[in-house]
Amino acid sequence: MFFHIVLERNMQLHPRHFGRNLREHLVSKLMKDVEGTCSGRHGFVVAITGVDSIGKGLIRDGTGFVTFPVKYQCVVFRPFKGEILEAVVTMVNKMGFFAEAGPVQIFVSNHLIPDDMEFQSGDMPNYTTSDGSVKIQKDSEVRLKIIGTRVDATEIFCIGTIKDDFLGVINDPTAV
C-alpha cells in the first residue's frame, strides 16, 4: 500500500555547494540519497514530493561540512499481510515462484499454488494446469495475496499465495 508521509533527515553538505544554489543542492542530494531506499519502519521510498523545511546548518568541527535538518514529504510503499497485489513473475522453480510488485520481491511456494497446477521443467520452467489453459512462467502477470511479511532494517520480504478466489494469472506473455 502507498502512503504519503513526512520524514526528517540530517543532510551533510560540502562547503563548495554553499551559495545561492544551496537549497537546490540540498534537495538534489536528498533525492539522490533517499529515493529508492528502504527502511523497515516506513517501507520503500518511491518519490519525494516536497521539502517542508530546511533548518539552520551546524558546522562539523574539523571537516567544514555542514549538517542541515531537512523535513520532507514522500510517497512510500509498504506491503501488509492480507493485501492483494499484482506482480510480475521473475523466476520459476519446483519450490514455487518469485514475483516482483514494484520494489518488493514475493515468494509463492508450490504449496500455495492451486492443486491442479503442476511444475513443468525444461528450457522455460512453468506451472501449468492439466488442460494447459493456464500457465505461470517468467514474465507472467499474477494477482496474489500477501500472507506474510518479514521486515529487516533495509529490506522487506513477502510470502504470497494464489490459492484463493480471483487470484492467479492476469496476463500470460505467450498468449498473444
Side-chain angles (χ1 to χ4, degrees), residues 1-93 95-109 112 136-162 167 170-171 173:
M1 193 172 295
F2 292 94
F3 298 99
H4 192 241
I5 61 173
V6 176
L7 294 175
E8 281 189 56
R9 183 179 178 99
N10 288 328
M11 299 295 302
Q12 283 194 356
L13 201 60
H14 192 274
R16 73 171 162 248
H17 299 297
F18 298 168
R20 58 189 165 143
N21 294 332
L22 176 69
R23 182 177 173 82
E24 287 79 18
H25 284 295
L26 265 174
V27 171
S28 67
K29 184 171 176 10
L30 177 71
M31 287 182 171
K32 191 180 95 187
D33 291 353
V34 173
E35 286 182 348
T37 61
C38 175
S39 76
R41 183 171 181 202
H42 301 292
F44 294 92
V45 178
V46 178
I48 293 174
T49 57
V51 175
D52 289 346
S53 66
I54 299 174
K56 292 186 178 184
L58 183 67
I59 300 172
R60 310 249 323 165
D61 292 338
T63 63
F65 279 82
V66 176
T67 303
F68 293 93
V70 180
K71 190 180 264 190
Y72 59 96
Q73 298 175 13
C74 61
V75 175
V76 294
F77 175 67
R78 170 119 193 230
F80 289 98
K81 184 177 176 180
E83 186 175 356
I84 307 292
L85 292 176
E86 293 181 0
V88 177
V89 175
T90 56
M91 187 177 84
V92 179
N93 60 35
M95 302 302 286
F97 66 86
F98 287 92
E100 287 182 353
V104 177
Q105 190 169 35
I106 304 158
F107 177 68
V108 178
S109 168
L112 300 170
I136 297 174
Q137 62 185 14
K138 188 177 188 309
D139 297 327
S140 294
E141 292 178 25
V142 294
R143 181 173 293 125
L144 50 83
K145 180 178 181 180
I146 295 177
I147 59 170
T149 60
R150 188 181 91 219
V151 179
D152 286 349
T154 59
E155 209 166 357
I156 299 174
F157 302 97
C158 295
I159 303 294
T161 182
I162 60 169
L167 301 180
I170 302 169
N171 188 12

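Residue numbers run from 1 in the order of the sequence given. For the numbers below, each heavy atom of this structure counts, side chains included, while hydrogens, waters and symmetry mates do not.
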Met95 atom CE, over 12 foreign heavy atoms within 6.0 Å = no
OG of Ser53 to OH of Tyr72, rounded to nearest 0.5 Å, is 12.0 Å
Reported CZ-to-CZ distance for the pair Phe157 and Arg150, which is rounded to 0.5 angstrom | 5.0 Å
What closest approach, in Å, do Val6 and Asp52 show between heavy atoms, and which atom pair accounts for it?
-> CG1-OD2, 3.8 Å
Salt bridge (charged side-chain N to carboxylate O under 4.0 Å, His left out) contacts touching residues 21-47 (sequence neighbours left out) | Lys29-Asp33
With the side chain counted from C-beta on, respond yes when Ile162 and Phe97 share a heavy-atom pair under 4.5 Å apart, and no when they do not.
-> yes
Does CG belonging to Asp61 count more than 12 external heavy atoms closer than 6.0 Å?
-> no
Starting at NZ of Lys81, measure out to NZ of Lys145 and round the result to the nearest 0.5 Å.
-> 9.5 Å
Under 30°, 30 to 60°, or over 60°: which ring-plane class applies to Phe107 and Phe98, parallel, tilted or perpendicular?
-> tilted
Quick one: sort the Phe2 and Phe77 rings into parallel, tilted or perpendicular, breaks at 30° and 60°.
-> tilted
Please check if the side chain of Glu83 supplies one atom and the backbone of Met1 the other of a donor-acceptor pair under 3.5 Å.
-> yes
Shortest non-hydrogen contact between Cys74 and Thr49, atoms and distance = N-OG1, 3.9 Å
Neighbour count >12 (heavy atoms, 6.0 Å) for atom CD1, Ile170 = yes
Separation between CZ (Phe68) and CG (Leu58), nearest 0.5 Å, reads 10.0 Å
So, do Glu86 and Glu141 sit near enough that their side-chain heavy atoms are less than 4.5 Å apart?
-> no
Find out whether Ile156 and Cys38 are in side-chain contact, i.e. whether some heavy atom of one side chain is under 4.5 Å from a heavy atom of the other.
-> yes
Nearest heavy-atom contact between Ile146 and Thr149 is CG2-CG2, 3.8 Å
Under a 4.5 Å cut-off applied to non-hydrogen side-chain atoms, are Leu167 and Arg143 in contact?
-> yes
Side chain to side chain, Val151 and Arg78, heavy atoms closer than 4.5 Å | yes
Rounded to the nearest 0.5 Å, what separation is found between the CD1 atom of Ile54 and the NZ atom of Lys71?
-> 13.0 Å
To the nearest 0.5 angstrom, please state how far the CG atom of Leu26 sits from the CG atom of Asn21.
-> 11.5 Å
His4 and Val75 have their tightest heavy-atom pair at CD2-CG2, 3.8 Å
Is the closest side-chain heavy-atom distance between Val27 and Ile48 below 4.5 Å?
-> no
For residues Leu112 and Gly160, report the shortest heavy-atom separation together with the two atoms involved.
-> CD1-O, 3.2 Å
Side chain to side chain, Asn10 and Gln12, heavy atoms closer than 4.5 Å = no
Closest non-hydrogen atoms of Gly57 and Val66, given as atom of the first, atom of the second and distance, are CA-CG1, 3.5 Å
Please work out which of the three classes, parallel, tilted or perpendicular, describes the rings of His17 and His25, given edges at 30° and 60°.
-> tilted
